*Asks:* 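Starting off with a structure, shown below.
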Amino acid sequence: MNVEKMKTQLLSLADTFKDKESELTDLDRSIGDGDHGVNMERGFSHLKDNIDDKDMASLFKSTGMTLMSNIGGASGPLYGFSFVKMSSVVKDEIDKDNLKVLLKTFADAIAQRGKVELNEKTMYDVVERASEALQHDEKVTLDKLQGYADDTKDMTATKGRAAYFKEDSKGYIDPGAQSMVYILNALIGDE
Ligand code: ADP
Ligand code: MG
């Protein structure tokens with residue numbers, strides 16, 4: 001994927017999160033404070049005025065900075081930091097190998113910043129499993145990503161606000177896992 005195509009993919013997330021605002025809000029209302037939909041919509045709506053398309057690294061860095069200052073909540077710093085981290089490994093043409101590096105960097109950034117492991121019912125469950133699938137040369141489709149998010153339903157949250165719900169967090173998809181599905185789907189594109 002080249003810079004122009006990635007820019008289109010990232011900007012299209014503004015529409016995606018507008019469409020999915022109520023879905024994410026409902027999920028976060030069940031096991032959080034009900035702001036995740038609004039947070040994601042706000043963050044990505046600022047992208048068109050702040051995105052720097054000089055090269056791929058600038059694209060990712062400006063996206064990270066924009067998300068960091070506009071999403072808010074726990075997810076803003078997590079997504080923002082990850083895009084800034086990815087900016088240091090991304091190439092101007094993202095091929096299969098670079099995509100593997102990119103997703104590994106994304107997953108490691110969330111783990112580092114969130115101090116999170118697998119099966120704690122967060123966005124990390126989706127990005128880590130997607131990264132592992134790519135390393136094994138599996139195709140990561142939207143259906144597969146959604147499957148990873150759906151799997152968080154049976155988990156008990158131990159991180160973030162959802163952890164206050166303890167066992168009651170079971171039965172709901174984690175809101176951040178669901179937003180991660182849309183973000184990864186945009187990054188992976190048709191690869
Ligand atoms: P807040 O919880 O501050 O209201 P959001 O609602 O925007 O922030 O985001 C909540 C999402 O953030 C959760 O669904 C979860 O996926 C993610 N999250 C929260 N804490 C962590 C953490 N320590 N590590 C990874 N992800 C986390
Ligand atoms: Mg919230």
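We count ligands from 1, going down the list as the structure has it; atoms in each ligand are counted the same way. Sequential numbering from 1 along the given sequence is applied to the chain's residues. Note that the structure is predicted; figures quoted are calculated from it, not measured.
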*Asks:* What are the two closest non-hydrogen atoms of Leu24 and Ser179, and how far apart are they?
*Replies:*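 Looking at all heavy atoms of both residues, the closest pair is CD2-N, 3.8 Å.
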*Asks:* Tell me whether Lys159 at atom NZ has more than 12 heavy atoms from other residues, nucleotides or ligands lying less than 6.0 Å away.
*Replies:*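 Check passes, neighbour count above 12.
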*Asks:* Would Gly114 count as a polar contact of ligand 1, with the cut-off being nitrogen or oxygen pairs under 3.5 Å?
*Replies:* yes
*Asks:* Spell out the protein N/O/S atoms under 2.8 Å from the Mg ion (ligand 2) as residue plus atom name.
*Replies:* Asp28 OD2, Asp33 OD1, Asp35 OD1
*Asks:* Nearest to atom 5 (P) of ligand 1, what protein heavy atom do you find, and at what distance?
*Replies:* His36 ND1, 3.4 Å
*Asks:* Which part of Val116 is near ligand 1, with near meaning a heavy atom under 4.0 Å away: side chain, backbone, both or neither?
*Replies:*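 The part of Val116 near ligand 1 is the side chain, not the backbone.
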*Asks:* Test side-chain contact (heavy atoms from CB on, under 4.5 Å) on Leu99 and Leu134 and set out the steps.
*Replies:* CA-CA 8 Å; Leu99 190 62; Leu134 271 193; 3.8 Å; yes
*Asks:* Which of the atoms of ligand 1 are close to Asp28, meaning less than 4.0 Å from one of its heavy atoms?
*Replies:* 6 (O)
*Asks:* Look only at interatomic distance and state if Ser75 has a nitrogen or oxygen under 3.5 Å from any nitrogen or oxygen of ligand 1.
*Replies:*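 Right, the criterion is met.
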*Asks:* Consider ligand 1: state whether an atom of it lies below 4.0 angstrom from any non-hydrogen atom of Lys115.
*Replies:*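 It does not, in that no heavy atom of Lys115 comes within the 4.0 Å cut-off of ligand 1.
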*Asks:* How far is atom 15 (C) of ligand 1 from its nearest protein heavy atom, and which residue and atom name does that atom have?
*Replies:* Asp174 OD2, 3.5 Å
*Asks:* Heavy-atom count check: over 12 atoms from other residues, nucleotides or ligands less than 6.0 Å from Tyr148 OH?
*Replies:*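 Atom OH in Tyr148 is packed in, count exceeds 12.
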*Asks:* For Leu59 versus Lys7, what's the shortest heavy-atom pair and its separation?
*Replies:* CD2-N, 3.7 Å
*Asks:* I'd like to know if Gly32 contacts ligand 1, where contact means a heavy-atom distance under 4.0 Å to any ligand atom.
*Replies:*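 In this structure, Gly32 fails to qualify as a contact of ligand 1 - no heavy atom is under 4.0 Å.
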*Asks:* With heavy-atom distances below 4.0 Å as the criterion, list the atoms of ligand 1 near Asn39.
*Replies:* 5 (P), 7 (O)
*Asks:* If you count every heavy atom of other residues, nucleotides or ligands that lies below 6.0 Å from Lys104 atom NZ, does the total exceed 12?
*Replies:* no
*Asks:* How far is atom 20 (N) of ligand 1 from the closest protein heavy atom, and which atom is that?
*Replies:* Gly160 CA, 3.6 Å
*Asks:* Are side-chain N/O atoms of Ser45 and Glu41 paired as donor and acceptor at under 3.5 Å?
*Replies:*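 No - no donor-acceptor pair under 3.5 Å links their side chains.
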*Asks:* Looking only at heavy atoms, what is the nearest atom pair of Leu187 and Met6, with distance?
*Replies:*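 That would be O-CE, 3.7 Å.
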*Asks:* Return the residue, atom name and 0.1 Å-rounded distance of the protein heavy atom closest to atom 8 (O) of ligand 1.
*Replies:* Ala74 N, 3.0 Å
*Asks:* Would you say ligand 1 has an N or O under 3.5 Å from any N or O of Lys121?
*Replies:*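 No, there is no polar N/O contact under 3.5 Å.
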*Asks:* Given 3.5 Å as the limit, does a donor-acceptor pair link the side chain of Ser169 with the main chain of Phe165, or not?
*Replies:* no
*Asks:* Taking distance alone, with N or O pairs closer than 3.5 Å, would you say Gly73 contacts ligand 1?
*Replies:* no
*Asks:* Would you name the heavy atoms of Val84 and Lys61 that are closest together and state the gap between them?
*Replies:* CG2-O, 4.2 Å
*Asks:* I'd like to know if the side chain of Ser58 pairs up with that of Asp55 as donor and acceptor (distance under 3.5 Å, no hydrogens or angles considered).
*Replies:*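 Present: a donor and an acceptor within the cut-off.
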*Asks:* I'd like to know whether CD of Glu138 has more than 12 heavy-atom contacts from other residues, nucleotides or ligands below 6.0 angstrom.
*Replies:*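 Yes, CD of Glu138 has more than 12 neighbouring heavy atoms, counting only those of other groups under 6.0 Å.
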*Asks:* To which protein heavy atom is atom 17 (C) of ligand 1 closest, and what is the distance rounded to 0.1 Å?
*Replies:* Met123 CE, 3.8 Å
*Asks:* What do you reckon, does Lys159 have a nitrogen or oxygen under 3.5 Å from a nitrogen or oxygen of ligand 1?
*Replies:*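 Between Lys159 and ligand 1, no N or O pair is found under 3.5 Å apart.
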*Asks:* May I ask you to decide if Thr156's main-chain N or O and Glu167's side chain share a donor-acceptor pair within less than 3.5 Å?
*Replies:* no
*Asks:* Just to confirm my output: which protein heavy-atom neighbour is closest to atom 27 (C) of ligand 1, and how far is it?
*Replies:*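 Nearest neighbour among protein heavy atoms for atom 27 (C) of ligand 1, to 0.1 Å: Leu78 CD1, 3.4 Å.
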*Asks:* Between Asp108 and Lys85, does any NZ, NE, NH1 or NH2 come within less than 4.0 Å of an OD or OE carboxylate oxygen?
*Replies:* no
*Asks:* Distance to 0.1 Å, residue and atom name: give those for the protein heavy atom nearest to atom 2 (O) of ligand 1.
*Replies:*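 In this structure, atom 2 (O) of ligand 1 has Arg161 NE, 3.4 Å as its nearest protein heavy atom.
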*Asks:* Determine, for Arg29 against Asp26, whether the closest basic-nitrogen to carboxylate-oxygen distance falls under 4.0 angstrom.
*Replies:*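 The answer is yes: the pair qualifies as a salt bridge.
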*Asks:* At less than 4.0 angstrom from any non-hydrogen atom of Asp33, what atoms of ligand 1 do you find?
*Replies:* 4 (O)
*Asks:* Pull out every atom of ligand 1 sitting under 4.0 Å from any heavy atom of Asp35, numbered as shown with elements.
*Replies:*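 Near Asp35, the atoms of ligand 1 are 4 (O), 5 (P), 6 (O).
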